[in-house]
Undergrad: 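Sharing a structure with you now.
Order of listing sets the numbers, starting from 1, for every ligand and every atom in it. Keep in mind that the numbers below use all heavy atoms, side chains included, and drop hydrogens, waters and symmetry copies.
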Amino acid sequence: MMTARRLKLAGALGLGLLALTGCSNNDNPQDTFGADGHYSKLIADLNWVYIAAIVVGVIVGVAVILALIKFRERPGAPVPKQVHGHTSLELTWTILPALVLAVVAVPTIATIVKLNEKPKQCMTIQVVGQQWWWEFSYNNGVTTANEMVIPAGEEVCLKITSRDVIHSFWVPRLNGKKDAVPGRVHDWYIAADNPGDYWGQCAEFCGLSHANMRIRVRALPKADFDKWYQDQAKPATTPTEAAALRGENIYSQQCASCHVIKGAVDAAGNPVDFSKPVPLVSGAAPNLTHFASRSVFAGATFPLYLDDPATPDIDESDPYTAEHPILNRPRLEAWLRNPSANVPMVPDDERGMPNLHLSESQIDDLVAYLAGLK
Ligand code: CUA
């Protein structure tokens with residue numbers, strides 16, 4: 001009996017240690033212990049509070065175990081001495097925890113204040129949460145989805161809101177969480193000290209695809225960012241090959257009521273009119289103007305490009321660095337064939353992308369068009 005209990009205890013301790021070491025693994029892209037921006041480092045600096053909590057937890061745990069053993073029920077044992085109404089003891093166990101909490105509160109509150117200080121200079125990005133993707137808009141009129149591109153080493157001021165329900169913007173290695181609430185705009189700040197990819201996640205349950213509402217922040221060196229910023233402000237690439245031209249035509253008839261592609265034209269060569277109301281609950285769908293320049297799609301759930309296992313030393317999945325990134329055609333086609341089979345959605349309820357019942361040749365043409373939107 002005792003051995004089984006010890007085994008269980010050892011197992012639980014082992015699992016706990018495993019979980020702790022797992023947390024400090026920097027390969028984990030959403031690792032709060034792997035802070036990389038100075039905001040998340042401020043939060044990481046508070047990790048000593050865990051040590052204080054562990055010390056208190058161990059003291060309380062040992063005291064409980066000792067009390068359980070010492071004062072356990074035994075035949076003929078007298079009733080233990082009662083301490084009810086013991087003034088000095090009650091004062092001690094009121095004042096001591098209050099002191100511990102005060103010690104923890106001072107740096108915590110100071111950090112909360114620091115995290116909410118607006119930087120003197122920053123680039124502003126409007127962030128809109130929606131079931132189930134994120135929209136990012138820049139001051140030069142660029143609107144993108146799922147992937148936020150920022151200059152490394154610079155302050156970024158976010159204006160966070162939502163179009164439908166409450167979401168929460170969270171990129172653990174760049175800063176803590178900030179709720180996205182309809183009708184409110186919340187200020188939040190991020191900064192990536194180094195170029196790189198930072199993954200995030202909606203952190204407020206918001207319906208069926210809450211777990212698929214991901215964020216990819218790409219911090220580029222300043223010069224690369226400036227180029228991206230200018231390129232994104234241009235209208236979409238005009239298709240030249242026949243399939244892509246057919247794709248643009250299908251887009252203008254079937255997709256343009258929800259998705260904006262700046263510069264797209266209809267079959268008659270007229271610019272697509274985006275002023276019509278869209279048949280969605282939230283009234284918006286991802287802007288696809290430079291769709292093929294992104295590395296992810298569908299709430300950042302799927303990579304838009306794939307790695308070739310034959311050439312492990314070349315990253316073909318990165319549209320920024322790969323010369324000929326390999327399009328994730330199977331997933332993109334599957335997405336157009338039946339979106340809610342790829343990511344849980346309620347298209348009948350107009351939450352998420354509807355199934356347009358496209359034919360296989362229409363899907364091929366649309367993929368040809370989308371893949372050219374660099
Ligand atoms: Cu949006 Cu959870």
Side-chain angles (χ1 to χ4, degrees), residues 23 28-32 34 37 39-40 43 115-116 124-138 143-150 156-190 192 197-218 258-260 278-288 291 294-304 331 335 338-355:
C23 284
N28 185 341
Q30 291 183 187
D31 178 8
T32 43
Y39 294 105
S40 54
I43 298 172
L115 289 176
N116 284 283
T124 303
I125 302 177
Q126 322 280 334
V127 177
V128 184
Q130 188 175 321
Q131 286 172 319
W132 290 275
W133 58 285
W134 293 93
E135 182 180 83
F136 307 115
S137 302
Y138 296 73
T143 298
T144 181
N146 305 320
E147 187 171 281
M148 179 197 280
V149 180
I150 61 170
V156 179
C157 294
L158 306 178
K159 298 265 179 202
I160 303 175
T161 189
S162 163
R163 284 202 189 93
D164 38 35
V165 299
I166 299 176
H167 305 272
S168 182
F169 181 89
W170 190 34
V171 183
R173 289 171 67 196
L174 296 183
N175 204 341
K177 300 168 184 173
K178 184 62 91 177
D179 277 0
V181 181
R184 291 179 66 103
V185 178
H186 290 160
D187 288 304
W188 202 223
Y189 313 106
I190 57 168
D197 289 342
Y198 301 88
W199 285 93
Q201 173 83 48
C202 176
E204 180 75 46
F205 182 68
C206 57
L208 267 187
S209 261
H210 158 67
N212 300 89
M213 195 169 159
R214 305 178 73 200
I215 303 152
R216 186 177 206 182
V217 177
R218 301 211 72 173
C258 298
H259 292 280
V260 170
V278 297
L280 288 173
V281 170
S282 311
N287 182 310
L288 302 175
F291 175 74
R294 297 172 199 162
S295 59
V296 286
F297 71 104
T301 305
F302 306 116
L304 188 55
R331 183 58 77 175
W335 174 254
N338 184 5
S340 63
N342 293 269
V343 160
M345 291 186 293
V346 227
D348 301 337
D349 199 18
E350 281 143 10
R351 284 171 199 275
M353 179 151 140
N355 186 339

Undergrad: Which heavy-atom pair separates Met345 from Pro339 by the least distance, and what is that distance?
TA: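 Looking at all heavy atoms of both residues, the closest pair is CE-CB, 3.4 Å.
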Undergrad: Tell me, please, which residues at least two apart from Tyr189 pass ring-ring contact (aromatic ring centres under 6.0 Å, His included).
TA: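 Partners of Tyr189 under the ring-ring contact (aromatic ring centres under 6.0 Å, His included) test: none.
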Undergrad: Could you check whether the rings of Phe169 and Phe136 sit parallel, tilted or perpendicular, using 30° and 60° as the cut-offs?
TA: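 The arrangement is perpendicular - the two ring planes meet at more than 60°.
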Undergrad: Is Trp335 close to Val343 at the side-chain level, that is, under 4.5 Å between some pair of heavy atoms?
TA: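 Side-chain contact under 4.5 Å: yes.
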Undergrad: Please name the pair of heavy atoms, one in Lys178 and one in Asp187, separated by the smallest distance, quoted to 0.1 Å.
TA: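 Of all heavy-atom pairs spanning Lys178 and Asp187, the closest is CE-O, 3.3 Å.
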Undergrad: Report yes if some heavy atom in the side chain of Gln130 is under 4.5 Å from a heavy atom in the side chain of Glu135; otherwise report no.
TA: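 They are not in side-chain contact.
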Undergrad: Among protein atoms, how many N/O/S atoms lie less than 2.8 Å from atom 2 (Cu) of ligand 1?
TA: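 Count of protein N, O, S atoms less than 2.8 Å from atom 2 (Cu) of ligand 1: 4.
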